[in-house]
Amino acid sequence: MKGKEFLTDQSILRRIFLFLFPFLILLIFAFLQILNLMVFQADKFKTQADSNRILKEKVFPPRGLILDTNDEIIVNNFIRQDLVVTPNFIEDYSEYLSFLSNLVEIEESMLEQIFYKKLAEIKSFQSFTMLRDLNDEQLAKVKLNFKDLPGTEIIPSFSRNVTFGESSGSVTGYLGFASKKDILLDPNLKNFNDQQVGLLGIEKEFDEELRGTVGYRYSEKDVKGIVQDVLSIEPSIKGKNIKLSIDIELQDKLYKEFKGRKGALIAIEPDTGFIRALISSPSYNPNFFNNFKTEEITLLLQNNNSPLFNRAISGQYPPASTLKPFIGLVALEEDVISWQEKILDEGEFFVEGDNRPYTGWKEGGHGEVNMEKAIAESSDVYFYNIAYDLTVNSITPFLKKFGFGKSSDLFINESQGILPDKKWKLGQKGEFWFKGDTINMGIGQGYILATPLQIALAYSALINGGKLISPRIVQSIDGEEIELVSEQIKIKNIKNLDYIKESLISVVESSTGTAKNIYDPKLRIAGKTGTAQVKSILEDNKYQEIRENVLLRDHALFVGYGPVEDPSIVVVAIVENGESGSLVAAPIVQKAINLYEQE
Amino acid sequence: MSRQPLDFSLNLGIDNSRRNSVFDIWIVLSVVLLSLIGISMIYSASQSIEMALRQGIYMVFGFSALLVISFSNFRKMEVFYLYSYWPGLLLLILVLFFSNENNQTNRWIDLGIFTIQPSELMRFLLPLSAAAFLSRKPLISNFDYLVVFVLTLLATFLVLLQPDLGTALIVLLSGILPILLGGLPWTYIYLGGFTIVCSLPLIWFSLYEYQQQRILTLFNPEADIYGAGWNIAQSKIAIGSGGFWGKGYLNGSQSQLNFIPESHSDFIFSVISEEFGLIGVLFLLFLYGLLIYRLILISINHQNRFAKILSATLSTILLAYISINICMVIGLLPVVGMPLPFVSQGGTALIINLVTIGIILSLRREI
C-alpha cells in the first residue's frame, strides 16, 4: 500500500484526545499541587513569606579613604548606629512612634513626620533608615526594649568624617543623596539610592572610585522582623583609597592665615603640577553635610560670604598687574619692544582722538622705565603703550597658550574665566572692540577674568620653561599613580623667559619693587603683585569715596614662587577687598613658600 | 457525508444557524481577558510602565492581526503554507549569530525597535506547513511522514543549539502532532515511543549542565536553596502564601521584593497566585479551560483535513504551554524557558498566540 486515506472522524477524534490527554493529566496534577500549596500549606508558606523571610539585602562597602601626600588621613569613616524600621511588622504605628519617642527622647511629631513621609514613598514591607547616628544612651534604651519594638533594627553604617573640617572643605567636598538626575547620568548610582554619595569636591570627582561595590547578604528574619540568622554573604568591595597631592598641614595653616577673610590660595609645584594647597576662604565644615547637621547647613546656605563657593577654582577675578609679565613676554616675542628699550611714564597715557587719559596707579608716573623696571614697579603706562602696539589680536592667542580662558579639567565645577577678543565682545556685549579695551587688558583689567588656578598654571609655565601642565590634585588611586600631562608652549626666544623671571625677582629685591616688603635673603622669592579693581573708577568718582563700601574695595593679589634659584612651588593668593597686594596677599604667599620649604 | 457519532455541536452551544457568524464570543472574551490580565500582572511584576505599555502595544498589533485573519479566508491560501517552514528555518539559523550578552543564549533577533524570537515563530510555522504538506494529496505516504519528521528534528535541533530546551520540546511537538493526527499507523507510534524511552539517558547527557541542574533540583529543591533551587522555592512560597484570597494587586511581597526571578515572564503565574490567591488562579484556569474547550470543539467539528490537523495541533500546543508552564512554577517540572500563553511578557509569543486564535476562528467560519 503506497499511502493511506485520511483517518475517519472517529479515529481522528480519538487521536486528538490521546494527545490532549497527557497535558490534561499534567494540569490535574498541577491543580492538586496548587490546592496543596494554596490551601493545605498556605499557612506554612504565609509564615515563610511574611515572617520567616529570607531576605536578600544590600551590604554597603566602606568608602575609600582620602589621604594627603604624607599619608595623613584627611577623610575617614566612622561606624555609626542607625535605627532601621520595617513598617510591615508594626501593628499600631502611632503607639509604636510614641513609645520610640520616649526611648530616644525625640519629639513624637518629628518622628511622625519622618515615618509617614517615608511610608508614602516605599512599600510597607521595605525597610528604611528612621534615625541616624544614635548616641550611646539612645542605643542602650532601644536595645533594652527590642522586644517591644517590632520591625526595628539597629544597623551599623558608615559615617564620613573630615578630620581637618573647615580647612579642607574646599578640597574634599561632602556627601549627600544622589538626585534623580545624577542617577540618570550614572546608572551605577542606583545601587546607592539610600546611601550618601559624593556631591562636591574630591568626593564627587572620584565618587566612582571611592564608593566601591555593593555586596549582598541573605538573612533570615523572624515574625518581628529581627534578623535570626545570616545565611550567606556576597561580600562588598571596599572603595579605593585616594591619595591627594595636598599637604594637609600646609593647607590647614594657610587656611588659618586668611582669618576668615574672603579669598583664595593655590600652591602648585611648577614641574609636577601637584597642588599642595587649595584654599577657598571662608570655607565650610563638610561634616555638617556628611552627618546631617541641618541647622548648621541652613546657616551655611544663608551666609553672605558664600562659603560653599570654591574661589580657588571657580572665583573669577581680574588678574590685574599679575598679567603684566605675560603682556611683556608677548611684546618681546613679537618684537614690539626690546628688553632695554625705555618708555617715559608720566602717569598718564593718551590715545589719539580720545581726550580721556588712561591713568597709572602712581600719580606723576615712574619716569623712564624699561621692562624690568616696569614690572618691578608695576608701571601701568608702560604696559598701556605696549598693549596698544600689540593689539588684541596678538595678546589673546598668546594668553590662551598659557591657559587663560579655558578650564584645566581639575574639577567639574571649575570656571573658565574670560579671555576676551573681538568676536567675544561682539557676541557677549554686542559692541565692537575698542582700542581702549586693549589698553585696559594690558594691565589685566577690563573684560579679562581669571581664576586663581589659571594664574598659578600660567606662572608655572613661565618658570618651568614654557610647559602648560595639567594640574593634579590626586597623586595616586589605590597606589596607582596619576600621570603628568603637559603641553609645551612655543616660545620663539627662550631668553625672553629669563628676562621676565629676572624682572619678577626685581619686584621683591629691587629697592623700588612693589613687594620689597617681603624680601628675605634667607629664602629668596620672586613674584608679582596685583590690585584688582572691583569697580572701575570714573573721573569724578575717586577711589577714596568708593572704598567707603568695603565690598567695593580692590582685591589684593600676589603670585610668588621660590626659592628663586630653583623654584619648587608657585603660590597664588587673592584676598578679596584686601586692597594691597604687597601688604596683604604677599605675606601669605611668603608664609606658604616658607612653610613648604621647611618640610 | 457521514457525521461523527459524537456531535458536540448539538448540545454544546454551536448553533447551526449561527455557524458562519464571525466570532465565537467565548474564545474572544477569554483571550481578551487573559491578555489584559497579562498586561496588568506584567506591570505588577516589573513595576515598569514601559514594559506594560510595550506589551499593550503588542496586544493591539496581535488583535489587529487576529481580526484580519479571522475575517479572511485563511484556508484558501493553503498552497502558500506549504513553504512557510523555510523562512522560519532561515530565522532559526540567523538567530544563532545574534549573541545576547546577558543570557549567553541566542534566542532573539534584535531589530532595533523590537525583537523577534524565531523559535516562537517556528512552533507556529511548522504545524502550518506540515498540515498543508500532509493535506496536499488525498493519500499520505510513509515518505511524507518521514519528510515532516526529519524537518521537525532539524528545527528542534536548531532551537536546542540556542539553547532553549522548553521551546525545543514545543517545536518537536508541533511537528509530530500533525504526523500523528495525519494518521501515522499505531505501529510506528509505539515504536517511536519505545525509542524515546530508550534514548532518555542519551538525552540526559546531551543536556547542558545548567539544564541538568534544573531537573535535579526538581526532586530536591531544598538541597540548593541559594542556587538553582532558589527559584522554585521562592516561587512556591509566593504561590502558597497567596492563600485563598491573595495579598492584593501590587502587594505580593515575594514578587515586589524580587524574590521571584523572571516574574514578568516565565514566573508570572506565581505573581498572579500570590496577589490574587486561589480565587485568581481558579479564574485564570477557568479562562484557559473555556478557551481550549472551544478551540478543540472547532477542530472536532471541522470536516477539512488541513483545518482539522492545524487547529487540533495549535490548540494542543497552547494546552502544552499552559500545563508545562504551570507545572514548572509549582515545582512539578524542571524550569525550562516556557511562557504562559497570552499572559507572560513577550511580544512574539503574544502575537503568534493571537494569530493562532485568528486562524482557528477563520477556520471556524467554514464549519
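In the text below, chain A, chain B and the rest are named by the order of the sequence lines, each starting its count at 1.
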Can you sort out the partners of B/Thr152 under side chain to side chain contact (heavy atoms under 4.5 Å, CB included), two or more places apart, ordered by chain and number?
B/Leu126, B/Val148, B/Thr156, B/Leu172
Face-on cation placement of A/Arg211 at A/Phe192 ring, 6.0 Å and 45° thresholds:
yes
Specify which of B/Thr316, B/Leu177, B/Ile330 makes the most heavy-atom pairs with chain A at under 4.5 Å.
B/Ile330
Where on B/Phe269 is there a heavy atom nearer than 4.5 Å to chain A: the side chain, the backbone, both, or neither?
side chain
Which atoms of A/Phe40 approach chain B - backbone, side chain, both or neither, heavy atom under 4.5 Å:
neither
Keeping B/Asn304 on the side-chain end and B/Phe306 on the backbone end, is there a donor-acceptor pair under 3.5 Å?
yes
Checking side chain to side chain contact (heavy atoms under 4.5 Å, CB included) for the pair B/Tyr288/B/Leu340: CA distance, chi angles, key distance, verdict?
CA-CA 11 Å; B/Tyr288 278 129; B/Leu340 193 60; 3.3 Å; yes
Given heavy-atom pairs under 4.5 angstrom as the criterion, report whether the side chain, backbone, both or neither of B/Ser273 touches chain A.
both
Cation over ring face, B/Arg136 and B/Phe133, 6.0 Å, 45°:
yes
Counterpart residues, side chain to side chain donor-acceptor pair (under 3.5 Å), relative to B/Ser241 (two or more places apart)
B/Lys247
Proximity breakdown for B/Leu134 and chain A, heavy-atom pairs closer than 4.5 Å
neither
Picking from B/Ala312, B/Gly242, B/Ala320, B/Gly277, which has the most non-hydrogen pairs under 4.5 angstrom with chain A?
B/Ala320
Who wins among A/Asn36, A/Leu18, A/Ile34 for the most heavy-atom pairs under 4.5 Å with chain B?
A/Ile34
